[in-house]
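Below: one structure, written as structure tokens.
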Amino acid sequence: MVHYFIKALKSYATFSGRARRKEYWYFTLASICGAIILVFLSILVRELVFLYFLWWLVLLVPSFALGVRRMHDTGRSGWYIFIPFYSLYLACTAGDPGENAYGPDPKESNEQWDFDRRQPVE
């Protein structure tokens with residue numbers, strides 16, 4: 001789960017290409033978990049409330065970039081991210097198999113992951 005979060009942060013402002021459902025939803029889950037932890041910390045220590053807002057500010061651009069890439073995976077323009085319920089529907093649907101106008105299928109990636117070292121195999 002964490003490697004998908006880091007992968008999204010590494011492609012911070014990359015609005016081209018495609019993103020798998022797994023990548024999108026694990027990033028969303030990690031973002032929400034981090035926010036919940038920061039809410040509890042800010043309840044315990046009132047001075048830390050700014051960390052919650054900083055968290056969402058830092059994740060704003062990667063979230064939009066990942067959402068746009070997720071829309072691309074379904075064969076739609078990235079602008080679909082701004083249509084509330086339809087973009088949620090698209091984020092839950094399977095991407096186009098094979099290559100589409102936005103790039104190759106991310107499921108067919110040759111990148112292998114070393115889960116012990118938590119990084120791609122070189």
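Annotation: side chain to side chain donor-acceptor pair (under 3.5 Å) contacts of Arg20 (sequence neighbours excluded): none. For the side chain to side chain contact (heavy atoms under 4.5 Å, CB included) test, residues two or more places apart in sequence or in another chain that qualify with Thr28 are Tyr24, Trp25, Ile32. Scanning for side chain to side chain donor-acceptor pair (under 3.5 Å) contacts around Tyr102 gives an empty result, with sequence neighbours left out. Not a single side chain to side chain donor-acceptor pair (under 3.5 Å) links Tyr89 to another residue, sequence neighbours left out. In this structure, the side chain to side chain donor-acceptor pair (under 3.5 Å) partners of Trp56, at least two apart in sequence or on a different chain, are Tyr52. Scanning for side chain to side chain contact (heavy atoms under 4.5 Å, CB included) contacts around Ala101 gives an empty result, with sequence neighbours left out.
For Tyr12, the OH atom counts as densely surrounded, since its 6.0 Å shell holds more than 12 non-hydrogen atoms of other residues, nucleotides or ligands.
Note on Leu88: it does not cluster hydrophobically with Tyr80, by side-chain heavy-atom contacts below 4.5 Å among ILVMFWY residues. Residues Leu60 and Phe82 share a hydrophobic cluster, clusters being chains of Ile/Leu/Val/Met/Phe/Trp/Tyr side chains in contact below 4.5 Å. Note on Leu9 and Val61: separate hydrophobic clusters, where clusters join Ile, Leu, Val, Met, Phe, Trp and Tyr whose side-chain heavy atoms are under 4.5 Å apart, directly or indirectly.
Shortest non-hydrogen contact noted between Pro106 and Ala19 is CG-C, 4.2 Å. Between Pro62 and Ala8, the closest heavy-atom pair is CB-O, 4.2 Å.
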| message | Would Phe5 and Leu59 count as a side-chain contact (heavy atoms from CB on, under 4.5 Å) here? Give the steps. | response | CA-CA 10 Å; Phe5 185 78; Leu59 294 182; 3.9 Å; yes

For residues 43-51, run the donor-acceptor check on the side chains, cut-off 3.5 Å, and write out each pair with its distance to 0.1 Å, sequence neighbours left out.
none

For residues 71-78, which side-chain donor-acceptor pairs fall under 3.5 Å, sequence neighbours excluded?
{"from": "His72", "atom 1": "ND1", "to": "Gly17", "atom 2": "O", "distance (Å)": "3.0"}
{"from": "Asp73", "atom 1": "OD1", "to": "Arg18", "atom 2": "NE", "distance (Å)": "2.8"}
{"from": "Asp73", "atom 1": "OD1", "to": "Arg18", "atom 2": "NH2", "distance (Å)": "2.7"}
{"from": "Asp73", "atom 1": "OD2", "to": "Arg70", "atom 2": "NH1", "distance (Å)": "2.6"}
{"from": "Thr74", "atom 1": "OG1", "to": "Met71", "atom 2": "O", "distance (Å)": "2.7"}
{"from": "Arg76", "atom 1": "NH1", "to": "Thr74", "atom 2": "O", "distance (Å)": "2.7"}
{"from": "Arg76", "atom 1": "NH2", "to": "Tyr86", "atom 2": "OH", "distance (Å)": "3.3"}
{"from": "Ser77", "atom 1": "OG", "to": "Trp79", "atom 2": "N", "distance (Å)": "3.2"}

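Note on residues 50-69: pairs passing salt bridge (charged side-chain N to carboxylate O under 4.0 Å, His left out), not counting sequence neighbours, are Glu23-Arg69.
For Tyr4 and Phe27, the ring centers sit 6.0 Å or farther from each other.
Note that CG of Leu41 and CD1 of Ile36 are 12.5 Å apart. Values are rounded to the nearest 0.5 Å. Atoms OG and CD1, from Ser63 and Ile81 in turn, are 9.5 Å apart once rounded to the nearest 0.5 Å.
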